Amino acid sequence: MHSSETKAGESLKPWKNLISPLSNFIFISPIFMKGLLAICFFTAFSICCFSVLPSWKPPVPCPECDRILIYESHHESINSGPEEKTNFSHVLFGIGGSAATWSTRRQYCELWWRPGTHRGFVWLDKKPAKGDGPWLATSPPYKVSADTTRFKYTCSYGTRSAVRIARIIKESFELGLDNVRWFVMGDDDTVFFTENLVNVLNKYDHNQMYYIGGNSESVEQDLTHSYTMGYGGGGFAVSYPLAAALVRILDGCIDRYADFYGSDQKIGGCMSEIGVPLTKEDGFHQIDIRGSPYGLLSAHPLAPLVTLHHLDYVQPLFPGTNRVDSVKKLMNGGYKSDPSRVLQHTFGYDPMRNWSVSISWGYSVQLYPFLVTGKDLSTPLQTFVTWRTWSKEPFTFNTRVLNLGICERPIIFYFDGVKELGNGTTLTWYRRQNSHPMRRCNWENYAAAHLVKGFNVSAALLDPQEWRKAPRRQCSEIMNAADNVDGTIGVRIRDCSPWESVTPK
Ligand SMILES: *[C@@H]1O[C@H](CO)[C@@H](O)[C@H](O)[C@H]1NC(C)=O
Ligand SMILES: *[C@@H]1O[C@H](CO)[C@@H](O)[C@H](O)[C@H]1NC(C)=O
Ligand SMILES: *[C@@H]1O[C@H](CO)[C@@H](O)[C@H](O)[C@H]1NC(C)=O
Ligand SMILES: *[C@@H]1O[C@H](CO)[C@@H](O)[C@H](O)[C@H]1NC(C)=O
């Protein structure tokens with residue numbers, strides 16, 4: 001401690017002692033100041049300042065400092081009136097891409113990117129090859145990242161592109177675009193659900209320093225990299241004032257954390273120097289898992305869906321479709337009609353038959369022809385393994401092991417369509433998918449369940465403002481299980497009443 005102080009003191013140049021306590025001058029009386037100025041003008045300026053301080057150099061240029069000052073005065077003026085809610089125009093996306101992979105990765109980006117509505121750039125390592133044809137208007141515009149060969153990168157199992165991608169936030173900031181409240185970083189295979197992203201960002205004051213995102217699902221990843229960083233593929237958001245602080249030290253961080261694997265980890269290192277922790281939002285999904293994401297998405301935490309990532313590395317979200325089409329089905333289906341509600345989890349019982357029904361809105365319904373506890377229903381089925389070692393555990397959340405006996409598994413129904421009923425409600429329907437080997441199971445339970453062809457689920461549009469309240473899962477009421485009209489069970493999702501709980505009678 002003491003020795004480092006001495007060291008710092010030794011390295012201080014004498015002129016620094018004169019210049020650095022600049023704030024002292026503010027407290028010097030105006031008369032003294034005037035006198036000082038007069039001396040300066042009567043003697044030559046160079047003598048007054050430079051010959052006394054022969055080693056004086058102009059301060060390192062800090063282009064962002066001007067912008068910070070402009071930003072602060074700008075915000076002072078608008079802080080006096082009520083401020084507009086954050087909308088798409090306030091978010092600047094920085095997508096880490098590469099010229100070689102863009103032609104395939106763009107299909108994920110184009111699922112969510114709306115030209116003219118969203119602002120941002122794909123940052124490439126070099127100009128796209130001529131042979132790739134013209135840059136499409138359906139893609140975000142691109143920029144070529146600055147050269148990064150001067151930076152250190154010493155992680156033996158990573159690639160140098162991490163340095164370039166870490167600097168996207170700095171290069172985005174230095175564009176100096178107007179009216180940016182949030183810098184949102186993502187990979188070229190990150191799918192953003194931007195309505196929900198903006199709604200989540202609206203919860204936070206963009207004039208304060210916020211770093212918002214999520215962790216890896218696989219504990220092995222969080223141990224290797226970090227729990228304290230926002231994973232880049234899951235995407236993370238940095239408020240303007242934090243970005244301003246970050247870009248001042250980022251290049252130094254890149255060298256200091258040269259042994260860190262990823263760009264996101266280097267940013268995380270910098271954030272720990274600034275002292276701003278990650279604000280975790282459960283809707284950012286890194287998807288560091290292998291296998292099927294079904295279990296995770298059918299028991300989504302109580303938070304709006306913000307991102308999905310790594311979709312090339314897991315099975316398609318819906319069976320019988322390719323990966324991209326399966327995301328389209330989620331986006332153009334429930335998400336389009338009721339963005340806040342997509343993947344929201346509710347469950348309930350049919351007390352007449354002792355059935356349990358678990359609904360992930362816009363995605364899937366599970367029917368268990370027996371009673372399953374609320375605790376089990378709210379725990380994701382483990383349809384996946386860990387990212388790096390393909391192990392059964394551990395994850396950053398609990399899972400229900402899928403080697404449930406065959407007769408303990410649910411009958412699965414997948415989202416098939418949505419209709420807006422025009423009175424602030426939607427109807428979604430779900431069709432039977434798996435052929436369950438029921439004959440091996442207790443036939444009494446399964447005979448009736450076998451006849452169920454689908455579910456019709458009605459729900460009021462979920463007001464985005466609900467996410468600002470204390471979270472509570474909604475309730476599902478099974479409407480017509482007893483007569484089971486045309487093999488379709490009707491379910492109504494509604495707020496639970498204050499004393500209601502999903503408890504088997
Ligand atoms: C977004 O907010 C700005 C004010 O910052 C406003 O001028 C603009 O009209 C808003 N855009 C939309 C689409 O609501
Ligand atoms: C439902 O389960 C309860 C006990 O959990 C049992 O008493 C009741 O008979 C069951 N009803 C049916 C229809 O199976
Ligand atoms: C909306 O309309 C549907 C069908 O027309 C009806 O079943 C439902 O009760 C209505 N919901 C509300 C909240 O009025
Ligand atoms: C379920 O919804 C579909 C699609 O709107 C409709 O055709 C069908 O009649 C509904 N069935 C029941 C039982 O409500």
Side-chain angles (χ1 to χ4, degrees), residues 91 93-98 100-102 104-113 120-125 140 145 155 157-159 161-169 172 183-194 196-197 200 211-238 260-269 271 278-291 293 296-297 300 303 305-315 317 323-324 326-327 330 384-388 395-397:
V91 174
F93 288 96
I95 308 300
S98 76
T101 58
W102 181 250
T104 53
R105 288 297 179 82
R106 71 178 174 83
Q107 53 186 348
Y108 285 115
C109 196
E110 289 176 357
L111 285 174
W112 62 270
W113 176 262
F121 301 93
V122 181
W123 293 82
L124 302 177
D125 48 340
S145 302
C155 178
Y157 54 94
T159 59
S161 61
V163 172
R164 181 177 70 82
I165 292 172
R167 295 186 80 253
I168 290 177
I169 190 163
S172 299
F183 294 87
V184 174
M185 302 293 118
D187 282 356
D188 51 5
D189 62 340
T190 306
V191 174
F192 284 96
F193 294 78
T194 55
N196 292 341
L197 170 71
V200 164
Y211 172 39
I212 301 170
N215 279 166
S216 171
E217 294 81 359
S218 290
V219 166
E220 63 194 20
Q221 290 291 95
D222 293 313
L223 293 177
T224 307
H225 305 295
S226 169
Y227 277 103
T228 58
M229 74 190 207
Y231 278 65
F236 59 87
V238 177
F260 280 9
Y261 169 85
S263 56
D264 44 4
Q265 203 180 355
K266 293 172 195 290
I267 300 268
M271 292 298 190
L278 181 68
T279 297
K280 285 183 190 144
E281 273 285 342
D282 284 341
F284 288 82
H285 296 291
Q286 169 78 3
I287 311 285
D288 271 351
I289 53 175
R290 311 274 181 169
L296 181 57
L297 303 184
H300 193 266
L305 171 65
V306 179
T307 61
L308 292 174
H309 176 236
H310 273 162
L311 293 166
D312 270 346
Y313 301 89
V314 289
Q315 287 165 19
L317 306 185
R323 294 185 164 90
V324 172
S326 76
V327 186
L330 191 69
F384 43 80
V385 290
T386 65
W387 175 251
R388 194 167 49 81
F395 297 96
T396 49
F397 48 87

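The structure displayed is predicted, hence computed values, not measured ones.
- A donor-acceptor distance shorter than 3.5 angstrom exists from the side chain of Gln107 to the backbone of Thr104, with no hydrogens or angles considered.
- The CZ atom of Arg106 lies 15.0 Å from the CD1 atom of Ile95; values are rounded to the nearest 0.5 Å.
- The aromatic rings of His225 and Tyr261 are tilted relative to each other, their planes meeting at an angle between 30° and 60°.
- The structure places CD of Glu217 at 6.0 Å from CD1 of Ile289, a figure rounded to the nearest 0.5 Å.
- Note on ring orientation: taking the six-membered ring where Trp is involved, the planes of Phe397 and Phe395 are parallel (angle under 30°, cut-offs 30° and 60°).
- When the options Thr307, Asp222, Asp264 are evaluated for a side chain to side chain donor-acceptor pair (under 3.5 Å) with Tyr231, the one that passes is Asp222.
- With values rounded to the nearest 0.5 angstrom, Phe183 atom CZ is found 15.5 Å from Tyr211 atom OH.
- Shortest non-hydrogen contact noted between Trp123 and Phe121 is CD1-O, 3.5 Å.
- Minimum interatomic distance between Ala303 and Gly283 (heavy atoms only, all atoms of both residues): CB-N, 4.1 Å.
- The shortest non-hydrogen separation linking Gly94 to Ile168 is CA-CG2, 3.9 Å.
- Put simply, the side chain of Leu278 does not reach to within 4.5 Å of the side chain of Thr228, judged on heavy atoms.
- Annotation: side chain of Leu305 is not in contact with side chain of Leu297 (no heavy-atom distance under 4.5 Å).
- Contacts classified as salt bridge (Lys or Arg N to Asp or Glu O under 4.0 Å) and involving residues 183-193 (residues at least two apart or in different chains) are given here: Arg105-Asp188, Arg105-Asp189.
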Full working for side chain to side chain contact (heavy atoms under 4.5 Å, CB included) between Phe384 and Val314: CA-CA 9 Å; Phe384 43 80; Val314 289; over 6 Å; no
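- Relative orientation of the His285 and His300 rings is perpendicular, given thresholds of 30° and 60° on the angle between their planes.
- In this structure, Phe284 and Leu197 have side chains that are in contact, with non-hydrogen atoms separated by less than 4.5 Å.
- Note: Arg290 CZ to His310 NE2 = 7.5 Å, rounded to the nearest 0.5 Å.
- Annotation: side chain of Ser216 is not in contact with side chain of Thr396 (no heavy-atom distance under 4.5 Å).
- Scanning both residues, Cys109 and Pro140, for their nearest heavy atoms gives SG-CG, 3.6 Å.
- Closest approach of Ser145 and Arg164 over heavy atoms only: OG-NH1, 3.0 Å.
- Between Trp387 and Thr224, the closest side-chain pair of non-hydrogen atoms is not below 4.5 Å.
- Between the CZ atom of Arg167 and the OG atom of Ser172 there is a distance of 11.0 Å, given to the nearest 0.5 Å.
- With a 4.5 Å cut-off on side-chain heavy atoms, Tyr108 and Thr190 do not count as touching.
- Here Ile287 contributes atom CD1 and Asp312 contributes atom CG; the two are 13.0 Å apart, rounded to the nearest 0.5 Å.
- A side-chain contact (heavy atoms from CB on, under 4.5 Å) with Phe193 holds for exactly one of Val200, Leu330, Leu111; it is Leu330.
- Val238 is not listed as a side-chain neighbour of Met185, based on a closest heavy-atom distance of 4.5 Å or more.
- Between Asn215 and Met229, the shortest heavy-atom contact is ND2-O, 3.2 Å.
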